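Chain letters run A, B, ... following the sequence lines, proteins first and then strands; every chain starts at 1. Given the structure is predicted, the values throughout are model-derived calculations rather than measurements.
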Number of protein chains: 2
Amino acid sequence: MNTAPAASSAPAGGPRWLTDEEQRVWRSYIEAATLLEDHLDRQLQRDAGMPHVYYGLLVKLAESPHRRLRMTELAMSAKITRSRLSHAIARLEKSGWVRREDCPSDKRGQFAVLTDEGQEVLDRHAPGHVDAVRQAVFDRLTPEQQKSLGEIMRIVAEGLQPNGAGADLPWLR
Amino acid sequence: MNTAPAASSAPAGGPRWLTDEEQRVWRSYIEAATLLEDHLDRQLQRDAGMPHVYYGLLVKLAESPHRRLRMTELAMSAKITRSRLSHAIARLEKSGWVRREDCPSDKRGQFAVLTDEGQEVLDRHAPGHVDAVRQAVFDRLTPEQQKSLGEIMRIVAEGLQPNGAGADLPWLR
DNA sequence: TGGTGGAAGTTGAGAGTTCAAGCAATATTG
DNA sequence: CAATATTGCTTGAACTCTCAACTTCCACCA
C-alpha cells in the first residue's frame with residue numbers, strides 16, 4: 001500500500017518507484033501481515049483474554065531464568081518501546097499474570113516476573129495458539145518456503161535493528 | 001513468540017508443537033513484522049502526519065476510479081473492519097484529505113473520496129515512503145527472495161481471507 | 001404491500017499505543 | 001567530590017482500535 005505513479009523508475013536521482021512486481025509483493029506482505037496479526041489477536045483475546053503482544057511477553061518471561069527479566073531487556077527482546085512495555089506490564093500485573101520486583105543492584109531497575117497464574121494461563125492456552133499459528137502459516141507452506149521465510153525475515157529484522165548495520169537510533173527512541 | 005514445552009511433537013492427538021526450527025522462523029517473522037510496522041508508522045507519522053494504515057487508505061482511494069470507494073469495499077480491500085474504517089475516515093476527513101459522499105443508488109451507502117489535498121499529501125510523501133520500504137525490505141533481498149516472499153505472503157493471506165478456503169466469518173465479524 | 005431478515009455504516013466506551021515530559025538513580029568528568 | 005550527563009523506567013494526554021450495540025435502509029417473499 002504505498003507507491004506507483006505511472007511507469008517503473010525515474011531517470012536519475014528521482015525516487016526509485018517500486019516496479020509492478022515489487023508492488024504486488026509488497027501488497028501481499030501488507031495484507032498477510034494485517035490479516036495474520038488480526039487473526040492471532042482475536043484468537044488470543046477470545047481464548048486467553050489478552051492481545052498477541054502481551055502473550056508474547058509472558059512467553060519471553062517463561063523462557064527466562066527465574067521467569068524474570070529486566071524491563072529494558074524484555075522490551076528489547078520483544079521489539080517494543082519501554083513506554084509500551086510499562087503500560088503492558090501494568091495491565092498484566094492487574095490481571096495477576098506478572099509481578100514487578102525491584103532490582104537489588106540498581107535501584108532504578110525493575111524486574112518483570114511471571115507469576116504462577118501467568119504460567120498457568122500460558123500452559124492452558126499454548127496449544128490453541130500453536131494450532132492457530134500452524135493453521136495460518138506452517139501448514140500452508142512447503143519446508144523450503146518455511147526456510148525461505150525465516151531467512152527473509154531475519155534479514156529484514158536485522159536491517160531495522162538499532163545496531164544491525166542500519167539505524168542510528170538510541171534503540172527505538 | 002508463542003510455543004515450546006520441551007521436545008518437538010506429541011505422540012497422538014496432543015498439540016503439535018513447533019519444532020525448534022519452526023520456532024526460529026516464527027520468531028523472526030514476528031520480530032521483523034513488529035519492527036517493520038513500527039518503522040513505517042514512525043516514518044509516516046513524522047513526515048506525513050498519519051499512521052501507515054491511513055496512508056494505505058489514501059493510496060487505495062487514489063488508485064480507484066474517481067478517487068472514490070464505498071466504505072465496505074475500502075475496508076475489504078485494506079483488510080480492516082468497517083468500524084475501524086469508520087473511525088479512520090472520520091479522522092482523515094478532519095484532516096481534509098478525504099470527504100464522504102452519499103451513494104445515490106443506496107441511501108445507506110457512503111463513498112470515501114480522496115480530496116485534492118489528500119492527493120497532494122500523497123504525492124508529496126510517496127517518495128519518502130517508497131524509500132523507506134526499499135531500504136527496509138527490497139534493497140536487502142535478492143530477486144529470488146523477493147519472489148519467494150510474494151508467494152509466501154500471498155498464500156498466508158489467502159488462507160486468512162474470509163472466502164479463501166478457510167474461514168467462515170461474515171468477513172471479519 | 002407489509003413484514004422480516006440482512007446489509008451498510010456509525011457510535012461510544014473501554015483497551016492499547018504513542019509521544020513528550022518527568023523523576024530518580026547511576027556514571028562520568030573536571 | 002560536586003556538577004553534569006546518562007540510564008531506567010513511569011506517567012498522562014492524545015490518538016487509535018476493538019467490541020458490541022444501534023440506526024437506517026434494501027431485498028425478499030408470502
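Residues B:Glu21 and B:Arg24 are paired through a salt bridge, judged by an N-O separation under 4.0 Å between the basic side chain and the carboxylate. For B:Asp139 and A:Arg16, the salt-bridge test passes: some basic side-chain N is under 4.0 Å from an acidic carboxylate O. We find that A:Glu22 and B:Arg134 are joined by a salt bridge, their nearest charged nitrogen and carboxylate oxygen being less than 4.0 Å apart.
Taking 4.0 angstrom as the limit, B:Arg84 places a side-chain polar atom (N or O) nearer than this to OP1 or OP2 of D:dC17. In terms of phosphate contacts, A:Arg91 brings a side-chain nitrogen or oxygen within less than 4.0 Å of OP1 or OP2 of C:dG16. Considering only side-chain N and O atoms, B:Arg100 lies under 4.0 angstrom from the phosphate OP1 or OP2 of C:dT10. For D:dC9, one of the phosphate oxygens OP1 or OP2 lies less than 4.0 angstrom from a side-chain nitrogen or oxygen of A:Arg70. A sub-4.0 Å separation between OP1 or OP2 of D:dC9 and a side-chain N or O of A:Thr72 is present.
Using a 3.5 Å distance cut-off with no hydrogens or angles, the side chains of B:Arg99 and B:Thr115 do not pair a donor with an acceptor.
What separates CG of A:Leu57 from C1' of C:dG16 is a distance of 13 Å, to the nearest Å. Following rounding to the nearest Å, A:Ile89 (CD1) and C:dT17 (C1') show an atom-to-atom distance of 15 Å. Nucleotide C:dT17 holds its C1' atom 13 Å from the CD atom of A:Glu37, rounded to whole Å. Atom CE of B:Met76 is separated from atom P of C:dA8 by 8 Å (rounded to the nearest Å). The separation between A:Leu92 atom CG and C:dT17 atom C1' is 14 Å, rounded to whole Å. Put simply, NE2 on B:His52 is 12 Å from P on D:dC17, counting in whole angstrom units. In this structure, B:Ile80 atom CD1 and C:dG9 atom P are separated by 13 Å, rounded to whole Å. Between A:Gln45 atom CD and D:dT18 atom C1' the separation is 8 Å, expressed in whole Å.
Remark on DNA chain D: of its neighbouring residues A:His87 and A:Asp106, the 5'-side contact belongs to A:Asp106, judged by nearest-heavy-atom nucleotide. Closest-nucleotide positions on DNA chain C for A:Ser105 and A:Pro51 were compared, and the one nearer the 5' end corresponds to A:Pro51. Comparing A:Phe111 and B:Val53 against DNA chain D, the residue whose closest nucleotide sits nearer the 5' end is A:Phe111.
Of the candidate nucleotides C:dT10, D:dC9, D:dC26, D:dC9 has the atom lying nearest to any side-chain atom of A:Met71.
Contact annotation: side chain of A:Arg108 to base of D:dT7, donor-acceptor pair present below 3.5 Å. Side-chain to base pairing of A:Ser83 with D:dT10: no donor and acceptor N or O lie closer than 3.5 Å to each other.
At the heavy-atom level, B:Tyr54 lies under 4.0 Å from the strands shown only through sugar-phosphate atoms. Using a 4.0 Å heavy-atom distance criterion, A:Arg46 is classed as making no nucleic acid contact.
Within the structure, every pair that satisfies the salt bridge (Lys or Arg N to Asp or Glu O under 4.0 Å) test and touches residues 107-123 of chain B, not counting sequence neighbours, is listed here: B:Arg67-B:Asp116, B:Asp106-B:Arg108.
Screening B:Glu93, B:Arg68, B:Arg100 for a side-chain contact (heavy atoms from CB on, under 4.5 Å) involving B:Val113 leaves a single residue, B:Arg68.
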